[in-house]
Amino acid sequence: MGSLATPSSSWHGRGATLVRGLHTAAFGSFQPLPEVNLNTIRAESFYDSTVEKYAAQDVEVLSLRQMLSFGRNAWDDPEKILKSARYVQRELPRRLARRLMDLQLLPYIVVANPHIKKVYNQYHVSFETLRRVPMVRTLDENQDFSQLLRQHLDQHAPMLDSLATGLRECKDKVLVGPCLQMDSFFDSMLRSRISRRVIAEQHLHIGNKRPGYIGVICTDLDVHESISFAVQKTKQVCMETYGMAPDVVVSGEPKASIPYIPAHLDYMLYELLKNAMRAVVESRSSAIPGRRNGSPPQQHYHHYVSGAAGNYWAPKLPPLHIRVCDGTAGALTIKISDQGGGIADDLIDKVWSYGFTTIGRKPRQATSSGNNPSANGSNGTGGGGSPDVVEGLGSGGHMAGLPGLMAGQGSRYQMAGLGFGLPLSRLYARYFGGDLRLQSIPGYGTDAYLTMKHLEEQDGQWVERVDEPS
Ligand code: ADP
Ligand code: K
Ligand code: MG
């Protein structure tokens, strides 16, 4: 199977000139540090007192503001770079140990799943490897450590996919009932994963001088640029999948910007736009089969489509509307409105569950009036539940996905299917103190509100990010 998209800080391909992040190949091929033999480190048994010891240690959570102020001019300050390396060395084993403990607590049927076991083993290998690296004292040692870090980031790239597949297989066995809080398990696994990757990527980029960036954080991210980029990519995928795509009308604060990790915003926009476009196309596509090559009865409401699926008359798609609202209470909100038929009341909570998707279901959403969705929710590229965007194919390794897409990885990615888009996007939004909410009018359409916090002081407190789960 393919894999699951998550953002990467190593981002490229936004047009030939627009390069986000740095090419990881700069680190060259990896030579393991002499003390560590990767081949001998294996998770022999699930119980491991060393893991327990590390898991019990406190983690140090840095806010976005702290990361920005620490990282400022770090490229010119070897002491800062070494301090950053030691922070990473200290934090990652503790955080990995906590997740290993979580995995150990899963019911046997879940732990025994080969995909979940693979995740456990990989986490364990990284834990054992990283905790054994001697404290970094020189820039040369940091260079080696950075290579090791990059290697582990890349090795963990497919782990999200394994978790998702493991979840699906366990759910199928029906043995994983409500007693196991799957969503909160995934929330803490994935939030921790985001944290670890942000920590690692921030260190890997902290020594690079890049205008407008501190490490992987863009200090003034142009929100409209991110939107138009995501629109362009989603339209492309939507066209490839359905042979048509709705237009997108963008309005609002034209100069909106925010300090943010570009790949995080790119990911959220891409997932929300895919959902919105899919809803619009599928809620109108029922008319398509009968209209091939014929004259439409109501010229005004139809347009001629020439695509992979052939030539036919299709109903005109109502455009998506995106509005950027800045400056209210220290938050920037992006509202994405579609007329894709909305979400049925009985599904409105379920859509936030990891793995929940209506791909391959029928019917897929609320209907009223004559707005019947197509009976077949799949997109014709083979099998419901197939993966979405390919992760790990982007040069960024992990959190790749979109970068993989950028690099033109062919037609493997699709519009939907893993059921991770909404919950994972909300996790990313909340990670830096923002949020993601949906407002649906069944039978009409959906508004998604993506809110991101500015770094201003609020009620006497700086906006902090939600980091490692306790
Ligand atoms: P996936 O897109 O892989 O199915 P998501 O988590 O992104 O997973 O979305 C879960 C489900 O929520 C979708 O399958 C779809 O049924 C529903 N949904 C999400 N966004 C919309 C929308 N804008 N309009 C209608 N339904 C939506
Ligand atoms: K979902
Ligand atoms: Mg989706």
Side-chain angles (χ1 to χ4, degrees), residues 35-36 41 43 46-71 74 79-106 119-120 122-137 141-142 145-146 148-149 152-153 156 159 163 181 184-206 214-217 261 264 398 427-428 430-434 453 455 458 460-470:
E35 293 83 356
V36 180
I41 300 171
F46 258 41
Y47 180 72
D48 181 337
S49 61
T50 317
V51 171
E52 206 175 327
K53 197 181 89 194
Y54 275 76
Q57 292 170 3
D58 285 338
V59 300
E60 193 184 335
V61 174
L62 294 181
S63 68
L64 180 59
R65 187 178 135 265
Q66 284 171 316
M67 287 166 73
L68 285 170
S69 68
F70 177 80
E79 265 318 304
K80 268 193 179 177
I81 293 173
L82 296 179
K83 203 172 161 197
S84 166
R86 292 194 285 263
Y87 172 73
V88 177
Q89 276 191 291
R90 201 169 53 242
E91 287 296 310
L92 292 188
R94 294 176 185 180
R95 290 164 185 248
L96 283 164
R98 289 176 175 215
R99 301 304 50 99
L100 283 167
M101 294 289 288
D102 278 359
L103 285 162
Q104 285 177 12
L105 291 174
L106 288 173
V119 174
Y120 185 90
Q122 187 62 56
Y123 276 30
H124 197 265
V125 168
S126 291
F127 166 74
E128 284 296 340
T129 309
L130 293 172
R131 80 182 184 85
R132 290 170 197 210
V133 176
M135 205 216 274
V136 172
R137 291 171 204 278
E141 284 173 11
N142 178 55
F145 176 61
S146 295
L148 183 71
L149 207 53
H152 280 261
L153 279 177
H156 280 244
M159 289 305 124
L163 277 175
Q181 303 289 322
S184 56
F185 168 76
F186 267 89
D187 266 343
S188 54
M189 282 304 272
L190 298 180
R191 192 183 306 136
S192 171
R193 178 183 160 94
I194 296 170
S195 293
R196 293 193 312 271
R197 303 199 80 103
V198 166
I199 288 171
E201 295 276 6
Q202 184 65 3
H203 175 63
L204 290 174
H205 293 93
I206 206 165
I214 293 176
V216 283
I217 305 159
I261 297 178
H264 285 199
H398 148 59
L427 207 57
Y428 274 104
R430 289 181 174 173
Y431 182 71
F432 282 123
K453 297 272 171 136
L455 291 178
Q458 288 191 337
Q461 287 195 323
W462 287 93
V463 175
E464 298 285 305
R465 70 189 165 104
V466 184
D467 190 282
E468 179 70 13
S470 55

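Keep in mind the model is a prediction, meaning the values are calculated, not measured.
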Without swapping roles, check the side chain of [X] against the backbone of [Y] for a donor-acceptor pair under 3.5 Å.
X    : Y    : answer
K80  : F70  : yes
R191 : L427 : no
Q66  : S63  : yes
S126 : Y123 : no

Between [X] and [Y], which heavy-atom pair has the shortest distance, and what is it?
X    : Y    : result
M101 : A55  : CG-CB, 3.6 Å
N142 : A85  : OD1-CB, 3.5 Å
Q202 : V216 : OE1-N, 2.8 Å

Practice item. Check side-chain hydrogen bond (donor to acceptor under 3.5 Å, both in side chains) between Q89 and all other residues, then give those that pass, not counting sequence neighbours. Key: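 side-chain hydrogen bond (donor to acceptor under 3.5 Å, both in side chains) list for Q89, sorted by chain: empty.
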Point to revise | Qualifying residues under side-chain hydrogen bond (donor to acceptor under 3.5 Å, both in side chains), relative to R90, sequence neighbours excluded | key: E60
Check your understanding: For residues R65 and S69, is any side-chain donor paired with an opposing acceptor at under 3.5 Å?
Key -> no
Rounded to the nearest 0.5 Å, what's the gap from [atom1] on [X] to [atom2] on [Y]? Could you check?
X    : Y    : atom1 : atom2 : value
L106 : F185 : CG    : CZ    : 4.0 Å
H156 : L96  : NE2   : CG    : 6.0 Å
I206 : I214 : CD1   : CD1   : 9.0 Å
S84  : H205 : OG    : NE2   : 12.0 Å
S192 : R98  : OG    : CZ    : 8.5 Å

Are any non-hydrogen side-chain atoms of [X] and [Y] less than 4.5 angstrom apart?
X    : Y    : result
F145 : H203 : yes
V136 : V88  : no
H264 : V198 : yes
R196 : E91  : no
L153 : L204 : yes
L62  : I199 : no

**Study point:** Electrostatic pair R137:E141 at N-O distance under 4.0 angstrom
**Key:** no
**Study point:** Short N-O contact, E128 and R132, less than 4.0 angstrom
**Key:**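 A salt bridge is present here (some side-chain N lies under 4.0 Å from a carboxylate O).
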Exercise for review: Go through R193 and M159 one step at a time and tell me if the side chain to side chain contact (heavy atoms under 4.5 Å, CB included) criterion holds.
Suggested key: CA-CA 10 Å; R193 178 183 160 94; M159 289 305 124; 3.8 Å; yes
Practice item. Given side chain to side chain contact (heavy atoms under 4.5 Å, CB included), test I217 with M67 step by step and report yes or no. Key: CA-CA 9 Å; I217 305 159; M67 287 166 73; 3.9 Å; yes
Exercise for review: Determine the interplanar angle of the H124 and Y120 rings, folded into 0 to 90°, and report it as parallel if under 30°, tilted if 30 to 60°, perpendicular if over 60°.
Suggested key: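 The arrangement is parallel - the two ring planes meet at less than 30°.
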Practice item. Check the pair L148, L130 against side chain to side chain contact (heavy atoms under 4.5 Å, CB included), reporting the backbone distance first and the verdict last. Key: CA-CA 8 Å; L148 183 71; L130 293 172; 4.0 Å; yes
Revision key, fill the gap. Applying side-chain contact (heavy atoms from CB on, under 4.5 Å) to T50 and not counting sequence neighbours gives D48, Y54, F127, R131
